[in-house]
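Written out below as structure tokens is the structure these notes cover.
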Protein chains: 2
Amino acid sequence: MSWRKERRAERGYHHGNLKEALLQAALGLIAEKGAAGFTFADAARMAGVSAAAPYRHFRDRDELLSSIAQRGFEQFEARLTAAWDDGRPDTVTAFERVGRAYLAFAREEPAFYNAMFESGLPVDANPALQAASERAFNIIRAAAERLAALAPPGTPRPPAMMMALHIWSMSHGVASLFSRGDAARRKLPMSPDELLEAEVLIYLRGLGFPTDRRPAAKSAEPPPVPPEASSGSGVPPGGPWGKPK
Amino acid sequence: MSWRKERRAERGYHHGNLKEALLQAALGLIAEKGAAGFTFADAARMAGVSAAAPYRHFRDRDELLSSIAQRGFEQFEARLTAAWDDGRPDTVTAFERVGRAYLAFAREEPAFYNAMFESGLPVDANPALQAASERAFNIIRAAAERLAALAPPGTPRPPAMMMALHIWSMSHGVASLFSRGDAARRKLPMSPDELLEAEVLIYLRGLGFPTDRRPAAKSAEPPPVPPEASSGSGVPPGGPWGKPK
DNA sequence: GGCTCATGTAAAAGCCGTTCACATGAGCTG
DNA sequence: CAGCTCATGTGAACGGCTTTTACATGAGCC
């Protein structure tokens, strides 16, 4: 390992770490100008190499984009996994934390999110990419599975896969429409996080899950799910949408 | 009006209808290759003019894209309006029809949808575009308003704006993730339409709206909303997700 | 020390967006 | 109908991007 040339102000003929440098440069460029505006040549320039050099590491511009998306899905999976925390302290709380993690990722990693969901690259054309995407979705799926198992007795048990797809679509919808770029400037009555939280809570209630602790004004809904379902999930009094002033 | 030259096989120096021809050409190209892949030069070629000609009608490529998005929002609004049909025959049925119209538009007008939601053009930078987008959203908003007014007594009335945003995010999420391009090839347990319908129904139920006619197994939920809320909205027996086999 | 191969470069071809000076001819004006 | 004018289209040119090709460099290995 002789590449302490990184420390040298001027690098020699060989870069020594070009692949990684290109990925980082691209990440920055995408965050700035979007996947559409990002150019291969710019990334090369930023890394201080000629325009042809990147082709030693990526077949073409799309493969660089795919690599970033791939990395993005991996980080995404990691963050969802951490948020889920295997359902602690209780399933509903953890479930909502996953939703917030989705939004947080979209907000905090705009470049990854862009490459993953907005770059228009064909995810299913790349098996590795598709697998990474699937692994991320499986976190939501697993969480939904656990949640479905807690469905109140007496009601038909919702299919976990469907729940997972529903939650995914809500998260993705809110993130795409309200939590990114220009769309974020739309004047909303509440933050994207609050919006999604309320949406998920209402949805879960629609499935029969008790989602708050206020004595419900309408019907007898015993809390039959033993240590669960009565969580610190922070539902404000007045329902999932604050006070109806 | 002297432009019956359209009938002439060869047009003369002047096209006579270039602006419209360019819009149509672009629409076709975007449907084929996405807004990112669409090129100004290609549209010109397809219209049979030089590469510089389009600049007599659009400031640049982005303005052409904006024009298409604008037209898209107008058609979108028209379709949502028709689907809503002023809440006939009943609010819930009409509401769900709006959701399906959202998906149908995404499916049947991929070029418009792409320009509107996936091209990455700054909607709020163009006042006309933003206004058109707002008008489309206002259909959903109006529908939510009507729906909110029907909230069962005894429950806190949900803010209509929030409901509208929720429905929008669900529709957009399902359309983006499952109803377009490659993502549509994901293996789903149900069609995007069914997925969205179930999602909306569960959500509405979470708000306290009675969404089907089966004698509920759990609580006394009188149908207090006079001629409404018990609609032909086609909820299959077994809840919004078919039979839990 | 010398070989070799991964890694980088320069140059070139082909495309695109955009601009500019110039051409054309449709419609008005008299 | 003659002639003018201005919207609309053309061709050439500039710079930038992607990608390929032939060639240069030097790091690691014998």
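Order of the sequence lines sets the chain letters (A, B, ...), proteins ahead of strands, with each chain counted from 1.
With sequence neighbours excluded, no residue satisfies side-chain contact (heavy atoms from CB on, under 4.5 Å) with A:Ala142. Considering only residues two or more places apart in sequence or on other chains, B:Phe105 meets the ring-ring contact (aromatic ring centres under 6.0 Å, His included) condition with B:Phe76. Scored by the salt bridge (Lys or Arg N to Asp or Glu O under 4.0 Å) test, A:Glu20 finds A:Arg71 as partners (sequence neighbours excluded). Listed by chain and number, the residues in a side-chain contact (heavy atoms from CB on, under 4.5 Å) with A:Ala128 are A:Gln70, A:Asn126 (sequence neighbours excluded). Under the side-chain contact (heavy atoms from CB on, under 4.5 Å) criterion, B:Arg61 pairs with B:Phe38, B:Phe40, B:Leu65, not counting sequence neighbours. Shown here are the side-chain contact (heavy atoms from CB on, under 4.5 Å) partners of A:Asp193, two or more places apart in sequence or in another chain: A:Arg100, A:Leu103, A:Arg107, A:Ser191.
In terms of heavy atoms, B:Arg88 sits closest to B:Arg97 at O-NH2, 2.7 Å.
Here the P atom of nucleotide C:dT7 and the CG atom of A:Leu22 are 12 Å apart, to the nearest Å. Across the protein-nucleic acid pair, B:Glu63 atom CD and C:dT19 atom P stand 12 Å apart, rounded to whole Å. Counting to the nearest Å, the P atom of C:dC15 and the NZ atom of B:Lys33 are 12 Å from each other.
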What string of B, S and - do you get for nucleotides 3-9 of chain D, 5' to 3', if B is base contact, S is sugar-phosphate-only contact and - is no contact with any protein heavy atom under 4.0 Å? ----BBB
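For the salt bridge (charged side-chain N to carboxylate O under 4.0 Å, His left out) condition, the pairs that include at least one residue of residues 22-37 of chain A, sequence neighbours left out, are A:Lys33-A:Asp42. Applying the salt bridge (charged side-chain N to carboxylate O under 4.0 Å, His left out) test to every pair with at least one member in residues 160-179 of chain A, sequence neighbours left out, gives no pairs at all.
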I'd like a list of close polar pairs between nucleotides 17-20 of chain D and the protein, N/O only, cut-off under 3.5 Å.
| unit_1 | atom_1 | unit_2 | atom_2 | d |
| --- | --- | --- | --- | --- |
| D:dC17 | OP2 | A:Arg45 | NH2 | 2.8 |
| D:dT18 | OP1 | A:Phe40 | N | 2.9 |
| D:dT18 | OP2 | A:Phe40 | N | 3.4 |
| D:dT18 | OP2 | A:Ala41 | N | 2.7 |
| D:dT19 | OP2 | A:Tyr55 | OH | 2.8 |
| D:dT19 | OP2 | A:Arg61 | N | 3.2 |
| D:dT19 | O5' | A:Tyr55 | OH | 3.4 |

So what is the 5' to 3' dot-bracket string for DNA chain C, if pairs are Watson-Crick or G-U wobble with both distances under 3.5 Å, crossing pairs use [ ] and | means the partner sits on another strand? ||||||||||||||||||||||||||||||
Return all side-chain donor-acceptor pairs below 3.5 angstrom for residues 108-115 of chain A, not counting sequence neighbours, or 'none' if the list is empty.
| unit_1 | atom_1 | unit_2 | atom_2 | d |
| --- | --- | --- | --- | --- |
| A:Glu108 | OE1 | A:Arg79 | NH1 | 3.3 |
| A:Glu108 | OE1 | A:Arg79 | NH2 | 2.8 |
| A:Tyr113 | OH | A:His172 | ND1 | 3.2 |

